[in-house]
Amino acid sequence: MATITDINTLDLTKSYTYADYLTWDFQERLEILKGKIFKMSPAPSRKHQEVSFQLSLVVGNFFNKTPCSVYVAPFDVRLINYKKSTSDKEITTVFQPDICVICDKGKLDDRGCLGAPDLIIEILSVGNSKKEMNIKFDLYEENGVKEYWIVEPFQKSILIYTLQNNKYIGLKPIVEDGLVHSPLFPELNFNVEDVFKE
């Protein structure tokens, strides 16, 4: 396949796979969710980056003492989709979570992660709330991401969803003066205000 260097030559109404993704060489950042292209913002806001950094420190320090690995964006996570008519499989989802934790080292390769991470943390930015709250929520649930956090920097809140019987169950929202406590990793807990400090 030829290398594509201009995103404007892509048909955004068409479906794409990871094989297509590997032929793209342009500046714009994007994700493929169930075959469809979603453009990512060129650079997250300063607030997004501050919260991402603080969360990375807290989560990274905790998992540094465990066999699990922590990765921050940009880091490709690929999900396999089985075609309905055959047992063939193809990758039609490639995304870059803000922070993810992978405990199964067999899912890691030189290109990132193949399969669902154990924990995904997404930090909302202006313009991406619909994607995180709808498409990615369903995608993570369907693919068995055991725990999913949605972080709202401007509201200074964190929503935690845990997978039970293949469905996400939401916990009470955690606000600025609360304590984050991971159901999946019980010893991972910290004060929310530590993440949202100015």
Crowding at CD, Gln164 (>12 non-hydrogen neighbours, <6.0 Å): yes
Shortest non-hydrogen contact from Asn143 toward Ala116: O-CB, 3.2 Å
Spatial distance of atom NZ (Lys172) from atom CD1 (Ile160) [nearest 0.5 Å]: 13.0 Å
In this structure, would Ile158 and Leu171 fall into the same cluster of hydrophobic residues linked by side-chain contacts under 4.5 Å? yes
Between Asn189 and His181, which heavy-atom pair has the shortest distance, and what is it? CB-ND1, 3.9 Å
Nearest non-hydrogen partners of Asp98 and Ile123, listed with the distance: OD2-N, 2.7 Å
Nearest heavy-atom neighbours spanning Lys156 and Phe196: C-CE1, 3.5 Å
Working note: Lys65 + Glu187, criterion salt bridge (Lys or Arg N to Asp or Glu O under 4.0 Å); need CA distance, chi angles, decisive distance, verdict. CA-CA 12 Å; Lys65 305 171 196 127; Glu187 293 179 18; over 6 Å; no
Below 4.5 Å, heavy atoms only, C-beta onward: do Gln54 and Asp194 meet side chain to side chain? no
What are the two closest non-hydrogen atoms of Phe154 and Ser45, and how far apart are they? CZ-OG, 4.5 Å
Answer yes or no: does atom CG of Asn166 have more than 12 heavy-atom neighbours from other residues, nucleotides or ligands under 6.0 Å? no
Atom CD1 of Ile150 and atom CG of Leu159: how far apart are they, to the nearest 0.5 Å? 5.5 Å
Is the shortest side-chain heavy-atom distance between Ser182 and Leu119 below 4.5 Å? no
Going through the checks in order, is the side-chain contact (heavy atoms from CB on, under 4.5 Å) test met by Ile135 and Lys34? CA-CA 9 Å; Ile135 300 169; Lys34 293 187 174 181; 5.9 Å; no
Are any of the side-chain heavy atoms of Leu184 and Thr162 separated by less than 4.5 Å? no
Can you confirm whether the thiol sulfurs of Cys113 and Cys100 sit closer than 2.5 Å? no
Quick check: does any side chain N or O of Asp118 sit under 3.5 Å from a backbone N or O of Cys103, one acting as donor and the other as acceptor? yes
Do Asp76 and Tyr18 have a side chain donor and acceptor closer than 3.5 Å? no
Between Pro117 and Ile102, is there a side-chain heavy-atom distance shorter than 4.5 Å? yes
Check for me, please, whether Val180 and Val175 land in the same ILVMFWY cluster - side-chain distances under 4.5 Å, paths through other members count. no
Should Leu12 and Ile37 count as side-chain neighbours, where that means a heavy-atom distance under 4.5 Å? yes
CG (Leu124) and OG (Ser157) are apart, to the nearest 0.5 Å, by 8.5 Å
Do Glu141 side-chain atoms and Tyr168 backbone N/O form a donor-acceptor pair below 3.5 Å? yes
Pair Phe137 + Tyr161: ring centers closer than 6.0 Å: yes
Separation between CD (Glu122) and CD (Glu152), nearest 0.5 Å, reads 13.5 Å
For Trp24 and Tyr21, take the angle between the two ring planes, folded into 0 to 90°, and tell me which bin it lands in: parallel under 30, tilted 30 to 60, perpendicular over 60. perpendicular
Quick check: does any side chain N or O of Asp6 sit under 3.5 Å from a backbone N or O of Asn8, one acting as donor and the other as acceptor? yes
Any side-chain heavy-atom pair from Val77 and Tyr140 closer than 4.5 angstrom? no
Check whether any side-chain heavy atom of Lys36 lies under 4.5 Å from a side-chain heavy atom of Ser15, and answer yes or no. yes
Measuring only between side-chain heavy atoms, which start at C-beta, is Phe95 closer than 4.5 Å to Leu79? yes
Under 6.0 Å between ring centres: does that hold for Phe185 and Phe63? yes
Pair Val70, Ile99 - check side-chain contact (heavy atoms from CB on, under 4.5 Å), show working. CA-CA 7 Å; Val70 177; Ile99 302 170; 3.9 Å; yes
Gap separating the OG1 atom of Thr93 from the CD1 atom of Ile32, nearest 0.5 angstrom: 8.0 Å
When you measure from the side chain of Lys105 to the backbone N and O of Pro67, does any donor-acceptor pair fall under 3.5 Å? yes
Taking Asn64 for its side chain and Gly60 for its backbone only, find out whether a donor-acceptor pair lies under 3.5 Å. no
Apply salt bridge (Lys or Arg N to Asp or Glu O under 4.0 Å) to Lys197 and Glu193, showing your working. CA-CA 6 Å; Lys197 49 185 161 185; Glu193 61 191 18; over 6 Å; no
Is it true that Arg78 and Asp109 have a side-chain N and a carboxylate O under 4.0 angstrom from each other? yes
To the nearest 0.5 Å, what is the distance between CG (Leu10) and CZ (Phe26)? 5.0 Å
Does any N or O in the side chain of Tyr71 come within less than 3.5 Å of the main-chain N or O of Pro97, such that one atom is a donor and the other an acceptor? no
